[in-house]
Amino acid sequence: MDSIDVVVIGGGQSGLAAGYFLRRSGLSYVILDAEAAPGGAWQHAWESLHLFSPAGWSSIPGWPMPVSRAPYPAKTEVINYLARYEDKYALPVLRPVWVQRISRSGDQLLVEADDGRQWQARAVISATGTWRHPYRPAFDGLNTFAGMQLHSAYYRTPEPFAGLRVAIIGGGNSGAQILAEVSKVAQAIWITQQEPAFLGDDVDGRVLFERATEKWRAQQEGREPNLPQGGFGDIVMVPPVVDARQRGVLASIRPPARFTPTGMQRPDGSERPIDAVIWCTGFRPALSYLEGLGLVNAHGQINVDDSKVRSVAEPLVWLLGYGDWNGTASATLIGVTRYAREAVRQISDYLRSSASSTP
Ligand code: FAD
């Protein structure tokens with residue numbers, strides 16, 4: 001069995017950002033990743049996906065993402081960037097390795113992969129993202145619906161929906177972008193809990209990062225954030241979404257009362273036939289392998305301390321990249337850096353102090 005200072009679980013952008021700081025820390029470490037190739041969840045995104053911010057706002061620490069020919073980099077550019085990034089810094093990524101369990105072993109953690117490999121770690125950074133845990137809300141009658149269903153996690157192109165009556169459910173960026181392209185080949189309706197909130201046409205995802213930074217600064221300074229109206233999930237008016245609005249398809253309706261075998265029933269009892277549903281209803285943290293430690297709470301999250309990166313109940317576990325509960329904008333390329341830096345700083349301090357106090 002290998003014994004090591006730090007095991008990072010997950011080799012997407014969050015795991016690589018942790019690797020960047022670990023490399024400079026002098027600690028021994030390895031990054032275990034379940035994918036067959038670099039790029040984390042970006043490899044699974046739909047074919048036409050582009051970032052909602054320019055490359056300069058989409059970099060992880062150290063080497064910036066190369067400037068794209070398009071205003072907003074395509075997903076393939078992100079995958080190439082992450083692949084070259086791990087080569088450039090010679091990050092020790094092992095793949096494919098699926099970690100299925102972590103347990104306490106004295107003052108260390110035992111990390112077990114499904115192929116029998118094991119690592120004894122003094123600290124673990126969990127950076128497994130959310131893609132492997134798609135979320136779909138419950139609806140009355142859904143189990144009777146006989147049409148096609150697909151979560152955005154597995155959506156690739158609009159072609160399989162050509163000519164169908166498709167309900168796209170979910171009011172975030174994924175819902176808006178998938179509606180934009182499916183509506184070109186299908187009779188698409190967009191279903192959202194409430195009226196979606198859109199950013200202005202003259203701004204892009206940078207505005208969301210500026211809001212996140214202001215929120216983070218305000219937290220550090222113990223003051224109320226000075227934020228404009230609107231949330232962090234407002235829809236960015238990327239060109240396909242602008243085009244959908246120009247075609248008059250960017251309008252949403254509220255959820256049905258229930259599903260039927262052939263479609264949906266509206267609250268007034270009338271029926272709407274539907275052939276397919278695309279669930280753009282988000283993700284939850286992929287933390288199943290930590291369940292044995294009893295860390296995952298009723299919300300599917302882990303209670304973290306004020307730094308947002310360290311588990312309260314298991315102080316040998318740090319977490320990175322799961323979203324706001326784990327650090328404002330931590331689930332974005334540019335946003336994960338400050339939390340990766342902080343996690344590695346804490347781990348270095350902790351391991352040094354625990355080594356010096358060992359007789
Ligand atoms: P992931 O990329 O999911 O990487 C986690 C890795 O851990 C994966 O390789 C996974 O296979 C592996 N793993 C999981 N479980 C295990 C296990 N048990 N054992 C071993 N390995 C495991 N962010 C931006 O900054 N700009 C954008 O424009 C943007 N657009 C987005 C558009 C969409 C549609 C989505 C869904 C997200 C977008 N994001 C964007 C958010 C974010 O950048 C991505 O979600 C990103 O993939 C998160 O990186 P990560 O490293 O935290 O997780």
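Worth saying up front: this structure is predicted, and the values here are computed from it rather than measured. Below, all heavy atoms of this structure are taken into account, side chains as well, without hydrogens, waters or symmetry copies. Order of appearance sets the numbers: ligands from 1, and atoms from 1 within every ligand. All residue numbers in this chain count up from 1 along the given sequence.
Figure legend: R132 and F283 shown without cation-pi pairing, the cationic atom not lying both under 6.0 angstrom from the six-membered ring centre and within 45 degrees of its axis.
With Q43 contributing its side chain and G40 its backbone, the two residues share a donor-acceptor pair below 3.5 Å.
Less than 6.0 angstrom separates the ring centroid of F259 from the ring centroid of F139.
The heavy atom nearest to atom 38 (C) of ligand 1, considering only Y155, Y322, W42, is found in W42. Atom 3 (O) of ligand 1 has its nearest heavy-atom neighbour, among A45, A41, A37, in A41. Ranked by closest heavy atom to atom 13 (N) of ligand 1, the top entry among V78, T128, I334 is T128.
Within ligand 1, the atoms closer than 4.0 Å to a non-hydrogen atom of V97 are 19 (N), 20 (C), 21 (N), numbered from 1 in the order shown. Less than 4.0 angstrom separates some heavy atom of V99 from each of these atoms of ligand 1: 17 (C), 18 (N), 19 (N), 20 (C).
There is no protein heavy atom less than 4.0 angstrom from atom 35 (C) of ligand 1.
By the 4.5 Å heavy-atom criterion applied to side chains, R266 and I253 are not counted as neighbours.
Scanning all protein heavy atoms for the shortest distance to atom 4 (O) of ligand 1 gives G12 CA, 3.5 Å.
Between Y89 and Y85, the angle of the ring planes goes over 60°, which puts this pair in the perpendicular group of the 30/60° scheme.
Residue A286 places every heavy atom at 4.0 Å or more from ligand 1.
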